[in-house]
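Just so you know, these numbers come straight off a predicted model, no measurement behind them. Below, read A as the first sequence line, B as the second, and so on, with proteins coming before strands; counting in each chain starts at 1. The basis for the numbers below is simple: all heavy atoms, side chains too, and nothing from hydrogens, waters or symmetry mates.
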2 protein chains.
Amino acid sequence: MTKKSKQRDAIIKCLSNRTDHPTAETIYKELKTECPSISLGTVYRNLNQLAAWNTIQKIALGFGPDRFDPNSTPHAHFYCSKCGSVSDIMFDDANILELAKKNFSGQIEGHLSVYYGLCESCLKLSFK
Amino acid sequence: MTKKSKQRDAIIKCLSNRTDHPTAETIYKELKTECPSISLGTVYRNLNQLAAWNTIQKIALGFGPDRFDPNSTPHAHFYCSKCGSVSDIMFDDANILELAKKNFSGQIEGHLSVYYGLCESCLKLSFK
DNA sequence: CTTATTGCAAAAGGTTTGCAACCGA
DNA sequence: TCGGTTGCAAACCTTTTGCAATAAG
């Protein structure tokens with residue numbers, strides 16, 4: 001049986017208000033002001049729990065700390081190698097999964113997909 | 001100027017003889033018999049160097065230790081969530097990159113792509 | 001002789017975990 | 001009261017790094 005907790009609620013609220021796919025540490029620091037007793041371990045524990053419940057999504061970039069996304073629908077992400085920002089790339093995965101399945105003899109259940117390069121604003125800056 | 005080293009050659013040879021995308025630790029243990037003085041730090045240093053030279057490829061799965069692939073051509077990988085094996089999925093990335101570019105306003109330079117599920121042999125076992 | 005490379009061990013970075021205290025049902 | 005949740009700190013896992021010694025050119 002799962003009980004409600006002030007900390008978990010605060011974590012969900014904080015994550016839902018953001019579109020920047022923050023790290024556990026970022027969330028921890030933000031919550032520290034409104035809930036000074038919270039600990040980093042609790043943030044990690046709750047984020048993992050929420051991800052296991054498929055309420056949120058954990059995004060591994062392949063380097064550095066994991067990011068978290070309040071949108072648990074499977075979608076690809078983009079990492080800007082200049083400013084470090086992470087954003088969504090929304091498009092239908094179906095064709096991609098089809099293509100992958102055609103080329104693989106096992107059973108594909110999911111896909112971690114991270115594109116990298118220059119985000120829109122860094123791209124603009126590089127032309128100045 | 002880059003000098004040749006017995007250790008680096010042994011690492012390349014070891015990796016080239018494998019198709020299982022080993023971790024640095026696995027390579028280290030295998031080399032330990034033929035070259036007992038080698039250290040894990042040296043294995044990491046060389047693998048990173050070779051990846052930077054684009055001689056090999058470093059594969060981040062998003063969890064656990066990184067894997068290494070003697071094939072530096074960009075291609076997707078598959079991780080079996082049952083047996084932990086990593087294998088290649090070869091197919092043309094071009095359409096996928098096209099699709100991603102259409103849906104993103106920045107400049108995409110590369111793509112980390114890891115599928116997961118059951119590999120062929122684990123799939124067979126699950127029907128027994 | 002010069003300097004890239006090594007082995008070693010310590011440190012870094014990110015995350016998990018054990019445990020006693022706490023709090024919600 | 002019962003057991004899920006917390007805060008804390010220590011442990012963990014993987015990888016990087018500083019440094020003196022070694023070896024390639």
Side-chain angles (χ1 to χ4, degrees), chain A residues 1-15 20-53 55-69 77 79 84 86 112 114, chain B residues 1-15 20-53 55-69 77 79 84 86 112 114:
Chain A
M1 181 232 292
T2 138
K3 300 183 176 175
K4 84 187 290 272
S5 101
K6 197 188 151 191
Q7 290 85 342
R8 191 186 303 130
D9 290 348
I11 289 166
I12 294 173
K13 191 174 147 224
C14 168
L15 193 53
D20 65 343
H21 308 82
T23 64
E25 179 98 40
T26 302
I27 294 172
Y28 167 69
K29 280 183 184 152
E30 176 167 334
L31 293 184
K32 204 65 180 162
T33 55
E34 77 183 68
C35 177
S37 71
I38 201 170
S39 77
L40 186 54
T42 296
V43 174
Y44 271 108
R45 253 184 313 228
N46 278 295
L47 288 170
N48 283 334
Q49 195 155 202
L50 291 164
W53 294 340
T55 302
I56 66 169
Q57 185 176 3
K58 184 196 260 197
I59 310 159
L61 295 178
F63 56 86
D66 290 342
R67 308 297 194 108
F68 295 87
D69 191 338
H77 290 95
Y79 170 80
V86 173
L112 160 69
V114 180
Chain B
M1 179 236 291
T2 139
K3 301 182 177 179
K4 86 186 287 273
S5 101
K6 197 186 152 194
Q7 289 85 340
R8 190 186 303 131
D9 290 348
I11 289 166
I12 295 174
K13 191 173 147 225
C14 168
L15 193 54
D20 65 344
H21 309 82
T23 65
E25 179 98 40
T26 303
I27 295 172
Y28 167 68
K29 280 183 184 152
E30 176 167 335
L31 293 184
K32 203 67 179 160
T33 56
E34 77 183 68
C35 177
S37 73
I38 201 170
S39 77
L40 186 53
T42 296
V43 174
Y44 271 107
R45 254 184 311 229
N46 278 294
L47 287 170
N48 283 334
Q49 194 155 202
L50 291 164
W53 294 341
T55 302
I56 67 170
Q57 185 176 2
K58 184 197 262 199
I59 310 160
L61 295 179
F63 57 86
D66 290 341
R67 308 296 194 110
F68 294 87
D69 190 338
H77 290 95
Y79 171 80
V86 173
L112 160 68
V114 180

Just how far, in rounded Å, is C1' of dT6(C) from CG of N46(B)? 9 Å

So, does Q7(A) get its side chain near the phosphate of dG7(D), meaning an N or O under 4.0 Å from OP1 or OP2? yes

Rounded off to whole Å, could you give me the CZ-to-C1' distance for the R67(A) and dG14(C) pair? 13 Å

Here the residues of residues 25-33 of chain A within 4.0 Å heavy-atom distance, strictly under, of DNA chain C are none

dT16(C) C1' sits how many Å from D66(A) CG, rounded? 12 Å

Strictly under 4.0 angstrom, non-hydrogen atoms only: write out the protein contact profile of nucleotides 16-24 of chain D, one letter per nucleotide from the 5' end, B, S or -. B-B-----B

Please identify each residue that fulfils side-chain hydrogen bond (donor to acceptor under 3.5 Å, both in side chains) with R8(B), with sequence neighbours left out. N46(B)

Measure from the side-chain heavy atoms of R8(A) and tell me the nearest of dG7(D), dT5(D), dT15(C). dT5(D)

Tell me: CZ of F63(A) to P of dC13(D), nearest whole Å? 24 Å

Just so I know, are the side chains of Y44(B) and Y28(B) near enough to count as touching, which here means a heavy-atom distance under 4.5 Å? no

Spacing between I38(B) atom CD1 and dT5(C) atom C1', to the nearest angstrom: 11 Å

Under 4.0 Å from OP1 or OP2 of dA4(C): is there any side-chain N or O of Q49(B) that close? no

Where is the tightest heavy-atom contact between L112(A) and G62(B), given as atom of each residue plus distance? CD2-CA, 4.3 Å

From CE of M1(B) over to P of dT2(C), roughly how many Å is that when rounded to an integer? 13 Å

Give one of base, sugar-phosphate or nothing for T2(B), where a contact means two heavy atoms less than 4.0 Å apart. sugar-phosphate

With heavy-atom distances below 4.5 Å as the criterion, would you say the side chains of W53(A) and T2(A) are in contact? yes

Distance test, side-chain N/O of S39(A) to OP1/OP2 of dT6(D), below 4.0 Å: no

Is it true that atom NZ of K32(B) has more than 12 heavy atoms of other residues, nucleotides or ligands lying nearer than 6.0 Å? yes

Starting at CD1 of I27(A), measure out to CZ of R67(A) and round the result to the nearest 0.5 Å. 10.5 Å

NZ (K13(B)) with more than 12 external heavy atoms under 6.0 Å: no

Is T23(B) close to D66(B) at the side-chain level, that is, under 4.5 Å between some pair of heavy atoms? no

L15(A), T26(A), I59(A) screened by side chain to side chain contact (heavy atoms under 4.5 Å, CB included) with H21(A), the one that passes: I59(A)

